[in-house]
Amino acid sequence: MAQAPETDKLLVERVCKGDKRAFDLLVIKYQYKILGLVSSYIHDFQEVQDVTQEAFIKAYKAMGKFRGDSSFYTWLYRIAINTAKNHLVSRGRRPPSTDVDIHGDESHDHSYMLKDSETPERNLQKTQMEEAIFRVMRTLPDELRTAVTLREFDGLSYDQIAQVMDCPIGTVRSRIFRARETIDKVIRPLLSRAG
């Protein structure tokens, strides 16, 4: 696990020396995670692709300003979040706290779903559970939704989330707790029916 930040650091150094292929490697490594993150803010897949590309372009242009205080991954996430929010504002859309749809379109990465070959009833229950979670996620305030998305779907540590969201770890823990509590209230009745 410690190897990834070192690899990223070496690639960043190569990009800063003019090696465009090194940046291509970073894009390949993170493009799907950034697509997933952007799709939690924007509904239309074409726009998701455009905003993701814009985020990578911004990262490339700002590479000389990357000081390594955080991991490259965390730095890129922050750029992607800001790019998505700016895109929504520039299109005159409602603030992300009421406009974000984490479910996105059919191209959204569902690799986090459990893969099994159970009964159709079990699969239906699972689908209903996921739909309920996505519905409640849309109602969460922006800071709660972002924190829980980065933790549960993208697997970031509390430290990384604090860097991405530019807030103390205690605030991250509180936001994730409140988001989980809200989600739990919705899914608990579904779980009792499933059991």
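Residue Gln53 places its CD atom among 12 or fewer non-hydrogen atoms of other residues, nucleotides or ligands, all under 6.0 Å distant.
Under the 4.5 Å side-chain heavy-atom criterion for grouping Ile, Leu, Val, Met, Phe, Trp and Tyr, Leu76 is connected to Tyr60 within one hydrophobic cluster. Tyr32 and Tyr41 fall within the same hydrophobic cluster, defined by Ile, Leu, Val, Met, Phe, Trp and Tyr side-chain heavy atoms under 4.5 Å apart, directly or through other members. Both Trp75 and Ile169 are assigned to one and the same hydrophobic cluster, defined by single-linkage of ILVMFWY side chains at heavy-atom distances under 4.5 Å.
A salt bridge does not link Lys185 to Glu181: none of the charged nitrogens lies less than 4.0 Å from a carboxylate oxygen.
At least one side-chain heavy atom of Ile42 sits under 4.5 Å from a side-chain heavy atom of His87. Annotation: side chain of Lys33 is not in contact with side chain of Leu37 (no heavy-atom distance under 4.5 Å).
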Please lay out, stage by stage, how Lys58 and Glu54 fare under the test salt bridge (charged side-chain N to carboxylate O under 4.0 Å, His left out).
CA-CA 6 Å; Lys58 284 183 178 179; Glu54 183 182 345; 3.4 Å; yes

Is there a side-chain contact (heavy atoms from CB on, under 4.5 Å) between Thr149 and Met137? Walk through the geometry before answering.
CA-CA 9 Å; Thr149 298; Met137 290 285 285; 3.4 Å; yes

Start with the C-alpha gap between Asp159 and Val172, add the side-chain angles, then the distance that decides, and say whether side-chain contact (heavy atoms from CB on, under 4.5 Å) holds.
CA-CA 9 Å; Asp159 287 335; Val172 169; over 6 Å; no

Go through the steps to decide whether Asp142 and Lys85 satisfy the test side-chain contact (heavy atoms from CB on, under 4.5 Å), and finish with yes or no.
CA-CA 10 Å; Asp142 182 45; Lys85 287 180 178 180; 3.0 Å; yes

Given side-chain contact (heavy atoms from CB on, under 4.5 Å), test Val148 with Arg175 step by step and report yes or no.
CA-CA 8 Å; Val148 79; Arg175 288 173 179 173; over 6 Å; no

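Distance CD1/Ile176 to CZ/Arg151: 6.0 Å, rounded to 0.5 Å. Interatomic distance, CG of Leu25 versus CG of Leu11, reported as 5.5 Å (0.5 Å rounding). Annotation: the span from Ile34 atom CD1 to Leu26 atom CG amounts to 11.0 Å, rounded to 0.5 Å. Rounded to the nearest 0.5 Å, atoms CD (Gln49) and CD (Gln31) are 10.0 Å apart. Rounded to the nearest 0.5 angstrom, Asp166 CG and Asn82 CG are separated by 9.5 Å. With rounding to the nearest 0.5 Å, the separation of CD1 in Ile183 from OG1 in Thr139 is 8.5 Å.
Defined by atom type and a distance below 3.5 Å, a donor-acceptor pair is present between the side-chain atoms of Asp8 and Tyr30. Between the side chains of Ser71 and Thr74, at least one donor-acceptor pair of N or O atoms lies under 3.5 Å.
Annotation: salt bridge (Lys or Arg N to Asp or Glu O under 4.0 Å) contacts of Arg178 (sequence neighbours excluded): none. By the salt bridge (Lys or Arg N to Asp or Glu O under 4.0 Å) test, Asp19 pairs with Arg14, sequence neighbours left out. Arg173 pairs by the salt bridge (Lys or Arg N to Asp or Glu O under 4.0 Å) definition with nothing, not counting sequence neighbours.
In this structure, Tyr73 has its ring center under 6.0 Å from that of Tyr77.
Minimum interatomic distance between Ala162 and Pro168 (heavy atoms only, all atoms of both residues): CB-C, 4.3 Å. Scanning both residues, Ala80 and Ala55, for their nearest heavy atoms gives CA-CB, 3.9 Å.
Ring-plane geometry between Phe72 and Phe66 is classed as perpendicular, the angle between the planes exceeding 60 degrees on a 0 to 90 degree scale with a lower cut at 30.
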